[in-house]
Engineer: 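Sharing a structure, written as C-alpha cells. Questions coming.
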Amino acid sequence: MSDQAAESDLLLVCRTITKSYNGPVVLSDVDFSMKRGEVHALVGENGAGKSTLIKIITGVTNRNSGEMLFEGTAIGIEHSKVASQSLGIAVIYQELSLIHGMTVAQNLFLTKEPRFRAAPFIDIGRMNSLAQALIDRYGFELKATDIIDGLSIAQRQTVEILKALNSRASLIIMDEPTSSLTSSESAQLFGIIRRLKAEGIGVLYISHRMEEVYDLSDRVTVLRDGHNVAVLEKEQINPAEIIRLMIGRRLEERDALHTMCRSNAEVVLDVRNLCSENRFNGISFQLHAGEILGIGGLVGSGRTEIVRALYGIDRFDSGSIAYLGKPWSPDVASSIRGGFGFIPEERRLQGIMGAISMTGNIGITNLDVTRRHGFVSAKKELALARRAIELLNIKPDNPDIPVGNLSGGNQQKVVVGKWLIRDLKLLIVDEPTVGIDIGAKEELYQTFARLSAAGVSILLVSSDLPELISISTRILVLRQGCIIQEFADGIVTEEDVLRASSGLVEGAVR
C-alpha cells in the first residue's frame, strides 16, 4: 500500500502533541492515529496522559503545540467541544450524561428535536419514530418511549452510543465502558463495538482490563509519563507485554493458587444472625485483628448491603453486632469515632467531593481533629492532607488541587488516605480498584498489607476474583443474601469462588 493510500485510511492523526499545565508537562511529543473502522485501545497508568489526550481530541482543552487532522482536515490549536462534535467525534464517559426523567427519544434528540412545519412545537410522534428506527437498525432491546430511570446501566450506555450514532459520529471514544457492567452486559457491549467497526466507525477504547484490550483491539497505543512508548499491531498485542510497557518494569506474577489461613488473633467484630428484609439473611461471622476478610459473590448477592449496615449507613432488622467485645449499634458518627474507616463502591458519588481540594476532602472526615470551639484549624487540616499525600504517594502532591482533577487511582488514594491518618482499627473496602490502573492497584494492595501487618482488620468486597483471592486471608461467599460458603484454610482458586457464587456447591463451610 502506498503512503498516500495509507494516509487516506486514517481517520484521526495527532503528531507531536504537547500539553503542560502551568509548568508540569502532561503530554510530550505524543503521536497517535486512528484508522476508519478500527478498535484502537489507549492504555497507561493513571496519570500517564490518557485523559489529557482525549480532552485535546474532543476540544475540552487545547494543546500547546503539535498537529491534528481529522479526515484529512487540519484542526487548529483553538479546538472546541462544539467543533469536535460537528466533525463527528463523540465520547462516552464512565459517568453517563443522560437526562433522568426523560425518554430515550428525548435524550437522543435533545436540542435537535424535529418540529412541525406549521408551528414551532416539537413533533413528538416523528421524534419517537426516528429514534425507534435507529434503535431497530442496531437491534437494541430498547423502546424510544422508555424512561431513562427504568433502564439498566448497560441499557443507558446503549443510549449513549445511540446518541453518538444519531449525531453521525465517525469516531466514538469509550472511557472504561465496562466498569459498571456484568459479564453478560459486557459481552453485549462488545457485540455492539464489533458492529460499529463493521460499519466503518472508529472506536477509541480506554480500559484497564487487559483481557478486553486483548480481545477487542486492532491496535494498542501505550502511554507512560506523558510519552508514547509503543504502538502495538494486532499480532503484537499481549497483556503481559502491555503491562510491562505501561509500568516500565515487570510485575511479579501472583501465584495462581492462594492458601487461606484461619486467624487466632483477637476478635474485633462479631456478627450474629444479621438480617434485613429482601437484602440479606442470617449473616454470622467473626473478623479478627489484622485479618483481611474477603466477601465474594455475584452482583446483587448482598455484599454492599451488608457492609453498609455494619458501618451504620443502612439499618438492619434483627441480629447483633459486637465490636471489641462490646455490644455495638452502628451509626456513621460512632463508627468514625470508634476507628472504623469506609471506602465506598461509588467513590465519585460517595467518597469524594470533586470540586474541592484534597485538603478539604481529607479535612471533612477529620473535623474532630481539626475543629476546636466551632472553628477549623487550616494549619491542622493542611498538615493532615500533606501526611495523607506522603503516606500514599498521591500525585500531583499539591494539596490545593481539586480532587476531581486527579486521575482515578489518585482519587481513590485520597479516599483511602483520609482514613489512614486516623487511629484506624477496622477498614471496610468496597470494590477498591474499579477503574484504576495496575500500578495504582499494586500500591493499594501494598497499603492493605501494611495495615494488616499493623493489626488493622480489613473487610474487603470485590468482584475482581484474582484480587479477592490474592489479598484475602479468608473469604466468605454470598449468594442471594446468604453466606453460601467460607474458604478459611487450604488452597482456593477463582473457579472455587465462582462455583460457590453461582450456587454450584452446597452451603457447607469448608
Engineer: Within the distance-only criterion (no hydrogens, no angle test), does the side chain of Lys50 pair as donor or acceptor with the backbone N or O of Gly44 below 3.5 angstrom?
Structural biologist: yes

Engineer: Report yes if some heavy atom in the side chain of Val415 is under 4.5 Å from a heavy atom in the side chain of Pro344; otherwise report no.
Structural biologist: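 Of all side-chain heavy-atom pairs linking Pro344 with Val415, at least one is under 4.5 Å.
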
Engineer: Atom OG of Ser501 and atom CG of Leu478: how far apart are they, to the nearest 0.5 Å?
Structural biologist: 9.0 Å

Engineer: Of all heavy-atom pairs between Thr103 and Ile148, which one has the smallest distance, and what is that distance?
Structural biologist: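 Scanning both residues, the minimum pair turns out to be O-CG1, 4.2 Å.
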
Engineer: Would you list the pairs meeting salt bridge (Lys or Arg N to Asp or Glu O under 4.0 Å) in which at least one residue belongs to residues 371-384, sequence neighbours left out?
Structural biologist: none

Engineer: Report yes if some heavy atom in the side chain of Tyr445 is under 4.5 Å from a heavy atom in the side chain of Thr433; otherwise report no.
Structural biologist: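 The answer is yes; the side chains approach within 4.5 Å.
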
Engineer: I need the minimum non-hydrogen distance between Ser263 and His288, along with the two atoms involved.
Structural biologist: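 Closest approach of Ser263 to His288: OG-CB, 3.4 Å.
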
Engineer: With sequence neighbours excluded, what pairs up with Glu390 under the salt bridge (charged side-chain N to carboxylate O under 4.0 Å, His left out) test?
Structural biologist: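 Expected list: none.
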
Engineer: Any donor and acceptor pair, going by atom type alone, linking the side chain of Asn361 with main-chain N or O of Ile356 inside 3.5 Å?
Structural biologist: yes

Engineer: Partners of Thr52 by side-chain contact (heavy atoms from CB on, under 4.5 Å), sequence neighbours excluded?
Structural biologist: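 Counting only residues at least two positions away or on another chain, Thr52 forms a side-chain contact (heavy atoms from CB on, under 4.5 Å) with Lys19, Tyr21, Val26, Leu27, Ile56.
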
Engineer: Return yes if some donor-acceptor pair links the side-chain N/O of Ser472 with the main-chain N/O of Ile469 below 3.5 Å, else return no.
Structural biologist: no

Engineer: Donor-acceptor pairs are to be reported for all side-chain atoms of residues 75-84 against protein atoms at under 3.5 Å, with residues two or more places apart or in another chain.
Structural biologist:
from  : atom 1 : to    : atom 2 : distance (Å)
His79 : NE2    : Ile57 : O      : 3.1
Ser80 : OG     : Ala83 : N      : 3.0

Engineer: With side chain to side chain donor-acceptor pair (under 3.5 Å) as the test, pick out the partner of Asp331 among Ser335, Ser334, Ser329.
Structural biologist: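 With Asp331 as partner, side chain to side chain donor-acceptor pair (under 3.5 Å) holds for just one option, Ser334.
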
Engineer: Say you draw a straight line from CD of Glu176 to OH of Tyr205; how long is it, rounded to the nearest 0.5 Å?
Structural biologist: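 Answer for the CD-OH pair, Glu176 versus Tyr205, is 8.0 Å.
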
Engineer: Are side-chain heavy atoms of Ser276 and Asp314 found at a separation under 4.5 Å?
Structural biologist: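 Not touching, per the 4.5 Å side-chain cut-off.
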
Engineer: Got a sec, which residues hit salt bridge (charged side-chain N to carboxylate O under 4.0 Å, His left out) with Asp270, two or more places apart in sequence or on another chain?
Structural biologist: Arg272

Engineer: Would you name the heavy atoms of Val30 and Gly226 that are closest together and state the gap between them?
Structural biologist: CG2-O, 3.3 Å

Engineer: As a quick check of understanding, evaluate side-chain contact (heavy atoms from CB on, under 4.5 Å) for Lys163 and Ser97, giving each step before the final call.
Structural biologist: CA-CA 10 Å; Lys163 281 173 60 180; Ser97 60; 3.4 Å; yes

Engineer: Evaluate the side-chain proximity of Leu444 to Val429: yes if any heavy-atom separation is below 4.5 Å, no if none is.
Structural biologist: no

Engineer: Could you pull out all residues at least two apart from Ile421 that satisfy side-chain contact (heavy atoms from CB on, under 4.5 Å)?
Structural biologist: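 side-chain contact (heavy atoms from CB on, under 4.5 Å) list for Ile421, sorted by chain: Ile362, Asn366, Leu384, Arg387, Ala388, Leu391.
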
Engineer: Report the C-alpha distance between Phe32 and Ile17 in whole Å, list the side-chain angles of each, state the deciding distance to 0.1 Å, and finish with yes or no for side-chain contact (heavy atoms from CB on, under 4.5 Å).
Structural biologist: CA-CA 9 Å; Phe32 178 79; Ile17 301 296; over 6 Å; no

Engineer: Any donor and acceptor pair, going by atom type alone, linking the side chain of His40 with main-chain N or O of Ser33 inside 3.5 Å?
Structural biologist: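 Yes, the answer is positive, given that a donor and an acceptor are paired below the 3.5 Å cut-off.
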
Engineer: Does Asp149 reach the main-chain N or O of His100 with its side chain, forming a donor-acceptor pair under 3.5 Å?
Structural biologist: no

Engineer: Could you tell me whether the side chain of Asn228 and the main chain of Leu223 form a donor-acceptor pair under 3.5 Å?
Structural biologist: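 Not confirmed, Asn228 side chain does not pair with Leu223 backbone.
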
Engineer: For a quick test of reading the model, state the closest non-hydrogen atom pair linking Ala265 to Ala289 and the distance between them.
Structural biologist: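 That closest heavy-atom pairing would be CB-O, 3.5 Å.
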
Engineer: Listing request: all salt bridge (Lys or Arg N to Asp or Glu O under 4.0 Å) pairs with a residue in residues 460-478, at least two apart in sequence or in separate chains.
Structural biologist: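 Counting only pairs at least two positions apart or across chains, the salt bridge (Lys or Arg N to Asp or Glu O under 4.0 Å) contacts touching residues 460-478 are Glu291-Arg474, Lys441-Asp464, Arg474-Glu486.
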
Engineer: Where do Tyr311 and Val332 land on the side-chain contact (heavy atoms from CB on, under 4.5 Å) test, with the steps shown first?
Structural biologist: CA-CA 6 Å; Tyr311 194 67; Val332 173; 4.0 Å; yes

Engineer: Can you measure from CE (Met358) to CG (Asn405) and round to the nearest 0.5 angstrom?
Structural biologist: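 That separation rounds to 10.0 Å.
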
Engineer: What distance do Arg219 atom CZ and Glu38 atom CD have between them, rounded to the nearest 0.5 Å?
Structural biologist: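 Reported value, rounded in 0.5 Å steps: 4.0 Å.
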
Engineer: Please name all residues satisfying salt bridge (charged side-chain N to carboxylate O under 4.0 Å, His left out) with Arg224, sequence neighbours left out, ordered by chain then number.
Structural biologist: none

Engineer: Within the structure provided, determine whether Phe448 and Ile471 are in side-chain contact (heavy-atom separation under 4.5 Å).
Structural biologist: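 Touching, per the 4.5 Å side-chain cut-off.
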
Engineer: What residues, two or more places apart in sequence or in another chain, satisfy side-chain contact (heavy atoms from CB on, under 4.5 Å) together with Val307?
Structural biologist: Ile295, Phe342, Ile428, Asp430, Leu459, Val461

Engineer: Applying the side-chain contact (heavy atoms from CB on, under 4.5 Å) test to Gln412, which of Ile343, Ile394, Leu406 qualifies?
Structural biologist: Ile343

Engineer: When you look at NZ of Lys425, are more than 12 heavy atoms from neighbouring residues, nucleotides or ligands closer to it than 6.0 Å?
Structural biologist: yes

Engineer: Under the salt bridge (charged side-chain N to carboxylate O under 4.0 Å, His left out) test, which residues partner Lys55, sequence neighbours left out?
Structural biologist: none

Engineer: Minimum heavy-atom separation for Val25 to Ser20, with atom names?
Structural biologist: CA-CB, 3.9 Å

Engineer: Using side-chain contact (heavy atoms from CB on, under 4.5 Å), reason through Ile54 and Asp175 one step at a time and then give a plain yes or no.
Structural biologist: CA-CA 9 Å; Ile54 296 308; Asp175 185 8; over 6 Å; no

Engineer: Atom CD1 of Ile193 and atom CD1 of Ile161: how far apart are they, to the nearest 0.5 Å?
Structural biologist: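 Those atoms lie 6.5 Å apart.
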
Engineer: For Gln157 and Pro177, indicate whether the former's side chain and the latter's backbone hold a donor-acceptor pair under 3.5 Å.
Structural biologist: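 Answer holds: yes.
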
Engineer: Might you point out which heavy atoms bring Ile99 and Asn107 nearest each other, and give the distance in Å?
Structural biologist: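 Looking at all heavy atoms of both residues, the closest pair is N-OD1, 2.7 Å.
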
Engineer: Is the closest side-chain heavy-atom distance between Leu165 and Ile172 below 4.5 Å?
Structural biologist: yes

Engineer: Taking Asp218 for its side chain and Val39 for its backbone only, find out whether a donor-acceptor pair lies under 3.5 Å.
Structural biologist: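 Yes; at least one donor-acceptor contact below 3.5 Å.
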
Engineer: Have a look at Met174 and tell me which of Ile206, Leu196, Val91 forms a side-chain contact (heavy atoms from CB on, under 4.5 Å) with it.
Structural biologist: Leu196

Engineer: Do Val104 and Leu151 come close enough that some side-chain heavy atom pair is under 4.5 Å?
Structural biologist: yes

Engineer: Would you list the pairs meeting salt bridge (Lys or Arg N to Asp or Glu O under 4.0 Å) in which at least one residue belongs to residues 292-307, sequence neighbours left out?
Structural biologist: Arg303-Glu431

Engineer: Give, for atom CG of Asn393 and atom OG1 of Thr447, the distance between the pair rounded to the nearest 0.5 Å.
Structural biologist: 9.5 Å

Engineer: Please list, chain by chain and in numerical order, all residues satisfying ring pair (Phe, Tyr, Trp, His ring centres under 6.0 Å) with Phe340, sequence neighbours excluded.
Structural biologist: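 Partners of Phe340 under the ring pair (Phe, Tyr, Trp, His ring centres under 6.0 Å) test: Tyr323, Trp328.
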
Engineer: Tell me whether Ser452 contacts the main-chain N or O of Gly290 through its side chain, where contact means a donor paired with an acceptor under 3.5 Å.
Structural biologist: yes

